[in-house]
Amino acid sequence: MSVTYKIASTIVRLAGVKKMFLKNKEEILEYAKGQNAKHVFDLDKARKRAERKKYHLIDRDLMGYRLISYQKNKSPAEGAVLYFFGGGMITQPDKWDFKLSERIMEQTGKDVWFLFYPLCSEDVKVDKTYEVCFETYRLMTETYKAKNISVLGFSSGACLSLGIFLHNNALARPLPMAGKIISVSPGGIPDVTLKENKEIWEKMNALNHKDIMIEPTYFKTAREITKGDKDLPEYMLDGTVGDFTDFPKTYFYYGENECLYAFADEFKKAMEKYHVPYEIIVGKGMCHCYPLLRFFREGRVAQDEIIELLKH
């Protein structure tokens with residue numbers, strides 16, 4: 001483990017980041033709204049950066065939500081990456097997401113589609129998020145061959161990277177599958193009061209002392225926030241129970257020291273049940289979504305590995 005990572009993880013632990021995840025529903029939503037007010041995407045600034053770095057930034061409206069794409073050229077490339085940011089379905093993307101999207105475009109030569117999907121802190125439930133994400137993928141298939149589309153997601157976005165294809169299967173497969181999925185720290189928010197979910201809840205709590213960022217208690221609150229009183233398909237809340245028929249090769253990245261690592265075995269079982277080719281990559285001693293960050297060696301290596309996967 002690199003010295004830089006050890007120092008950073010110690011700072012995060014001492015800062016008490018996990019305490020936020022112990023808040024109740026109202027407090028968490030208030031926190032999210034405050035964070036989102038700070039992280040407002042500046043399109044003019046982003047366009048000036050694109051002009052300076054000589055690439056194209058295209059802005060679209062999709063069902064009332066912003067969809068931007070990073071392109072090296074004015075006309076679309078042969079392949080593309082659909083990028084889903086993380087944030088627990090309640091917070092906006094930040095600079096790390098935009099930097100990585102730009103880097104992927106520069107190093108792969110592919111277009112990167114970046115959706116500001118509906119957040120459940122905006123008085124919508126997760127079925128609306130699925131609807132807009134699925135429509136984004138449908139729109140991509142009008143421009144690119146499905147086999148030339150890769151989907152990359154982090155945390156809640158990792159759940160969406162899998163979830164839109166579970167949704168596709170639930171809808172009797174109106175769209176062709178993408179060529180590849182890379183899902184970084186996906187999990188689920190199952191109903192942990194049910195007997196069948198007791199084991200995953202125990203596994204998450206067993207990893208809690210290692211996790212410097214996320215507190216398992218949040219997953220109970222997250223289910224309340226994303227579902228509300230709606231009767232939703234369970235795969236929208238817990239992807240491990242979905243239909244993975246005909247999924248493309250799927251790569252899972254986890255930090256060994258994150259509580260979401262508890263879901264790795266559940267996804268492994270699902271992949272094997274549906275005969276899906278997959279790889280699970282585990283960062284030894286690493287935290288949640290470690291490949292998103294480049295300032296420590298382990299994150300940089302994992303991110304470069306992901307970009308290499310996206311080239312093909």
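The nearest pair of heavy atoms linking Gly88 to Ser156 is N-OG, 3.2 Å. Across every non-hydrogen atom of Glu279 and Lys249, the tightest pair is OE2-NZ, 2.8 Å. Residues Thr240 and Ala270 share a closest heavy-atom pair of O-CB, 4.0 Å. Between Ser161 and Phe84, the closest heavy-atom pair is N-CD1, 3.8 Å. Looking at every heavy atom in both residues, Asp61 comes nearest to Gly64 through OD1-N, 3.1 Å. Counting all heavy atoms, side chain and backbone alike, Thr226 lies closest to Cys120 at CG2-SG, 3.8 Å.
Clustering of Ile, Leu, Val, Met, Phe, Trp and Tyr side chains at separations under 4.5 Å places Ile7 together with Val3, Ile11.
Heavy atoms from other residues, nucleotides or ligands lying under 6.0 Å from CD of Glu122 number more than 12. No more than 12 heavy atoms of other residues, nucleotides or ligands lie within 6.0 Å of CD in Glu78, so this atom counts as exposed by the packing criterion. By the 6.0 Å contact criterion, OH on Tyr83 is enclosed, its count of non-hydrogen atoms from other residues, nucleotides or ligands being greater than 12. Atom CD of Gln107 sits in a crowded spot, with more than 12 heavy atoms from other residues, nucleotides or ligands closer than 6.0 Å. Residue Lys25 qualifies as enclosed at atom NZ: its count of foreign heavy atoms under 6.0 Å is above 12.
A salt bridge is absent between Glu266 and Lys273: the closest approach of a Lys/Arg side-chain nitrogen to an acidic carboxylate oxygen does not fall below 4.0 angstrom. By the 4.0 Å N-to-carboxylate-O rule, Glu308 lies close enough to Lys311 to be salt-bridged with it.
Ring geometry for Phe165 versus Phe247: interplanar angle over 60°, hence perpendicular rather than tilted (30 to 60°). Ring-plane geometry between Phe219 and Phe263 is classed as tilted, the angle between the planes lying from 30 to 60 degrees on a 0 to 90 degree scale.
Looking at Glu298, its side chain does come within 3.5 Å of a backbone N or O of Ser2 through a donor-acceptor pair. Of the possible polar contacts, one joining the Lys180 side chain to the Leu309 backbone as a donor-acceptor pair under 3.5 Å is found. Between the side chain of Asp111 and the backbone N or O of Ala80 there is no donor-acceptor pair closer than 3.5 Å. Side-chain atoms of Asn73 do not come within 3.5 Å of backbone N or O of Ser75 as any donor-acceptor pair. With hydrogens and angles disregarded, no donor-acceptor distance shorter than 3.5 Å links the side chain of Lys23 to the backbone of Glu26. Remark: the backbone N or O of Cys289 is paired with a side-chain donor or acceptor of Ser185 at under 3.5 angstrom. A donor-acceptor distance shorter than 3.5 angstrom exists from the side chain of Gln71 to the backbone of Lys74, with no hydrogens or angles considered. Without hydrogens or angle criteria, Lys48 side chain to Leu43 main chain gives no donor-acceptor distance under 3.5 Å.
One hydrophobic cluster, built from ILVMFWY side chains closer than 4.5 Å, holds both Val282 and Tyr251. Put simply, Leu22 and Ile214 are part of two different groups of oily side chains (I, L, V, M, F, W, Y) that touch within less than 4.5 Å, one to the next. Linking Ile, Leu, Val, Met, Phe, Trp and Tyr whenever their side-chain heavy atoms come within less than 4.5 Å leaves Val40 and Leu119 in two separate clusters. Under the 4.5 Å side-chain heavy-atom criterion for ILVMFWY residues, no single connected hydrophobic cluster contains both Leu232 and Leu194. When hydrophobic clusters are built by joining Ile, Leu, Val, Met, Phe, Trp and Tyr residues whose side-chain heavy atoms come closer than 4.5 Å, directly or via intermediates, Tyr70 is grouped together with Leu62.
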Give the C-alpha distance, both sets of side-chain angles, the deciding distance and a yes or no for side-chain contact (heavy atoms from CB on, under 4.5 Å) between Ile307 and Thr108.
CA-CA 7 Å; Ile307 291 173; Thr108 67; 4.0 Å; yes
Determine, stepwise, if the pair Arg47 / Asp59 fulfils side-chain contact (heavy atoms from CB on, under 4.5 Å).
CA-CA 10 Å; Arg47 278 180 167 158; Asp59 180 46; 3.7 Å; yes
Please walk me through it: do Leu115 and Cys133 pass side-chain contact (heavy atoms from CB on, under 4.5 Å)?
CA-CA 8 Å; Leu115 173 66; Cys133 291; 3.8 Å; yes
Can Tyr137 and Asn168 be said to form a side chain to side chain donor-acceptor pair (under 3.5 Å), step by step?
CA-CA 10 Å; Tyr137 177 69; Asn168 189 51; over 6 Å; no
From CA spacing to verdict: salt bridge (charged side-chain N to carboxylate O under 4.0 Å, His left out), Lys203, Glu199
CA-CA 6 Å; Lys203 283 183 178 179; Glu199 185 180 351; 3.7 Å; yes
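Contacts of Tyr278 classified as ring-ring contact (aromatic ring centres under 6.0 Å, His included), with partners at least two apart in sequence or in another chain: none. By the salt bridge (charged side-chain N to carboxylate O under 4.0 Å, His left out) test, Lys53 is found to be paired with Glu102, Glu106, residues two or more places apart in sequence or in another chain being considered. In this structure Arg138 satisfies the salt bridge (charged side-chain N to carboxylate O under 4.0 Å, His left out) test together with Glu135, Glu142, sequence neighbours excluded. Remark: Arg60 engages no residue in a salt bridge (charged side-chain N to carboxylate O under 4.0 Å, His left out) (not counting sequence neighbours).
Tyr5 OH to Cys287 SG: the interatomic distance, rounded to the nearest 0.5 Å, is 3.5 Å. For the atom pair CG (Leu57) and OG (Ser69), the distance works out to 7.0 Å, reported to the nearest 0.5 Å. A distance of 8.0 Å separates CG in Asp238 from CD1 in Ile200, rounded to the nearest 0.5 Å. The structure places CZ of Phe244 at 4.0 Å from CE of Met271, a figure rounded to the nearest 0.5 Å. With rounding to the nearest 0.5 angstrom, the CZ atom of Arg13 is 8.0 Å from the OG1 atom of Thr10. A distance of 11.5 Å separates CG of Asn169 from CD1 of Ile164, quoted to the nearest 0.5 Å.
Cation-pi geometry between Lys198 and Trp201 is not satisfied (NZ or CZ under 6.0 Å from the ring centre, within 45° of the ring normal).
With contacts defined as side-chain heavy-atom distances shorter than 4.5 Å, the pair Val151/Leu160 does not qualify. Met1 is not listed as a side-chain neighbour of Lys284, based on a closest heavy-atom distance of 4.5 Å or more. At least one side-chain heavy atom of Arg49 sits less than 4.5 Å from a side-chain heavy atom of Arg52. Counting heavy atoms from C-beta on, the side chains of Met105 and Val81 never come closer than 4.5 Å. Taking 4.5 Å as the limit, every side-chain heavy atom of Phe296 sits out of range of all side-chain heavy atoms of Lys6. Annotation: side chain of Tyr254 is in contact with side chain of Phe267 (closest heavy-atom distance under 4.5 Å). Between Leu292 and Leu100, the closest side-chain pair of non-hydrogen atoms falls below 4.5 Å. In this structure, the side chains of Asn208 and Glu215 come closer than 4.5 Å at one or more pairs of heavy atoms.
Listed by first and then second residue, the ring pair (Phe, Tyr, Trp, His ring centres under 6.0 Å) pairs involving residues 16-48 are Phe21-Tyr218, Phe41-Phe98, Phe41-Phe116 (not counting sequence neighbours).
Judged purely by distance below 3.5 Å, without hydrogens or angles, the side chains of Asp243 and Tyr235 never pair a donor atom with an acceptor atom. Under the 3.5 Å distance criterion, with hydrogens and angles disregarded, no donor-acceptor pair is assigned to the side chains of Lys110 and Asn148.
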